[in-house]
Amino acid sequence: MVEKMLEFRLVQDSFHDAFTNMAIDEAIMQNCTAFGKPTIRFYGWKPAAISIGYFQSLMDEIDLKKCNELKVDFVRRITGGGAVFHETELTYSFVCSEESNLVSKNILESYNQICNGLILGFKELGLIAKFVPLNDIIINGKKISGNAQTRRQKTILQHGTILLKVDVEKMFSLLKVSNEKIRDKLISDVKQRVTSIENELGKEVSLQNCAIAMKKGFEKAFNAKLVEEKLTAEELKLAEKIKKEQFSKKEWNFKR
Amino acid sequence: MQFNSIYKVPNGKLLKLKFDFDSEKNRLVSIKIFGDFFAHPENSIELIESFLAGKELNQFFVLDLERFIKFNSIELFGFQAKDLLDAITLGLN
């Protein structure tokens with residue numbers, strides 16, 4: 001008997017603002033049980049944005065005046081982790097039911113399993129990447145992807161970045177630094193520790209080509225077929241509601 | 001009296017604390033815990049903050065907090081109970 005290959009939904013989404021992006025991820029998460037299949041979503045950010053981790057203080061992390069000047073959005077995620085500048089990157093989200101047993105109940109192991117999809121995706125691009133616990137992927141000793149996971153109502157959402165290109169100076173101009181005297185040193189340190197696909201390959205890779213590679217990576221990692229489908233009407237409606245009631249609200253973003 | 005602390009956990013994440021401390025009674029009055037760590041479930045940090053309000057900084061601090069974390073099935077990534085005490089101590093000094 002031939003076993004039917006596992007099927008995931010692949011949402012090849014476009015560019016959205018920060019509030020919409022976070023709302024869509026949460027809508028997919030809330031709808032996961034009803035939808036009945038794991039979902040992987042690829043998306044981009046327009047305008048550029050900073051997302052902060054759930055436990056960070058927005059006022060302490062972000063230079064709001066600079067964000068306003070450069071027309072960069074900011075949003076608080078529902079996942080932990082640090083402040084992330086989203087500009088030239090492919091962002092992914094991975095949503096599945098805990099009961100599907102697709103990923104481990106052990107959180108650390110599950111990060112490894114999901115990140116393995118990205119690692120195999122990087123391999124498609126000719127890059128050797130490595131998972132570094134808890135939530136990083138590195139290439140040649142430098143971070144190329146950060147990831148963050150939450151588990152709510154027996155559903156797992158993990159989302160993360162794949163850096164196509166990185167502008168460290170611009171990123172730092174938007175973040176608050178505890179000691180201005182060490183800003184230049186911090187920038188220099190981060191340049192040593194962070195990389196991008198463009199840096200590693202010496203050429204640009206488009207978001208579309210990166211998405212193709214990551215799709216193959218996830219298919220190999222989970223022995224699954226990723227079938228392109230759109231968000232459902234219900235998810236779009238739910239995302240609009242979540243965006244309006246949560247992510248775009250001052251009460252949410254300035255919560256801590 | 002108000003204190004702040006920024007503590008890089010060895011092989012962990014960054015802990016940023018804002019806390020009110022009663023030096024006479026050697027007690028935390030209140031505390032807010034910020035940082036780039038992970039906690040599951042996410043509301044567990046607020047639970048920990050409530051638990052620590054009024055806690056004395058004595059030899060049982062870490063053990064009591066560890067028990068609270070275990071009892072409430074909280075999973076922390078990037079710091080542990082002992083790191084919180086170290087961060088508080090750093091702020092006080």
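Chain letters run A, B, ... following the sequence lines, proteins first and then strands; every chain starts at 1. These numbers come from the heavy atoms of this one structure, side chains and all, not from hydrogens, waters or symmetry mates.
At least one side-chain heavy atom of B:Phe34 sits less than 4.5 Å from a side-chain heavy atom of A:Arg256. For the pair B:Glu42/A:Thr150, a side-chain contact is recorded, criterion being any heavy-atom separation below 4.5 Å from C-beta on. Taking 4.5 Å as the limit, some side-chain heavy atom of B:Lys16 sits within range of a side-chain heavy atom of A:Glu61. Side-chain contact check for B:Lys13 versus A:Asn135: some heavy-atom pair is nearer than 4.5 Å.
Looking at A:Ala148, both its backbone and its side chain come within 4.5 Å of chain B, counting heavy atoms on both sides. Neither the backbone nor the side chain of A:Ile52 comes within less than 4.5 Å of any heavy atom in chain B.
In the displayed structure, A:Lys130 atom NZ is contacted under 6.0 Å by at most 12 heavy atoms of other residues, nucleotides or ligands. With a 6.0 Å radius and a threshold of 12 heavy atoms from other residues, nucleotides or ligands, B:Gln80 has its CD atom at or below the threshold. Applying the 6.0 Å contact sphere to CD of A:Gln153 captures no more than 12 heavy atoms from other residues, nucleotides or ligands. Heavy-atom contacts from other residues, nucleotides or ligands closer than 6.0 Å to NZ of A:Lys105 number more than 12. The neighbour count for B:Asn58 CG, taken as heavy atoms of other residues, nucleotides or ligands under 6.0 Å away, is above 12. The number of heavy atoms from other shown groups lying within 6.0 Å of CZ (B:Phe60) does not exceed 12.
Interface remark: of the candidates A:Ile107, A:Leu108, A:Leu134, A:Ile107 forms the most heavy-atom pairs closer than 4.5 Å to chain B. By number of non-hydrogen pairs under 4.5 angstrom with chain B, the leading residue of A:Pro133, A:Ser57, A:Gly81 is A:Gly81.
The aromatic rings of A:Tyr111 and B:Phe38 sit perpendicular to each other, their planes meeting at more than 60°, with 30° as the lower class boundary.
For the atom pair CZ (A:Phe55) and CD1 (B:Ile33), the distance works out to 10.0 Å, reported to the nearest 0.5 Å.
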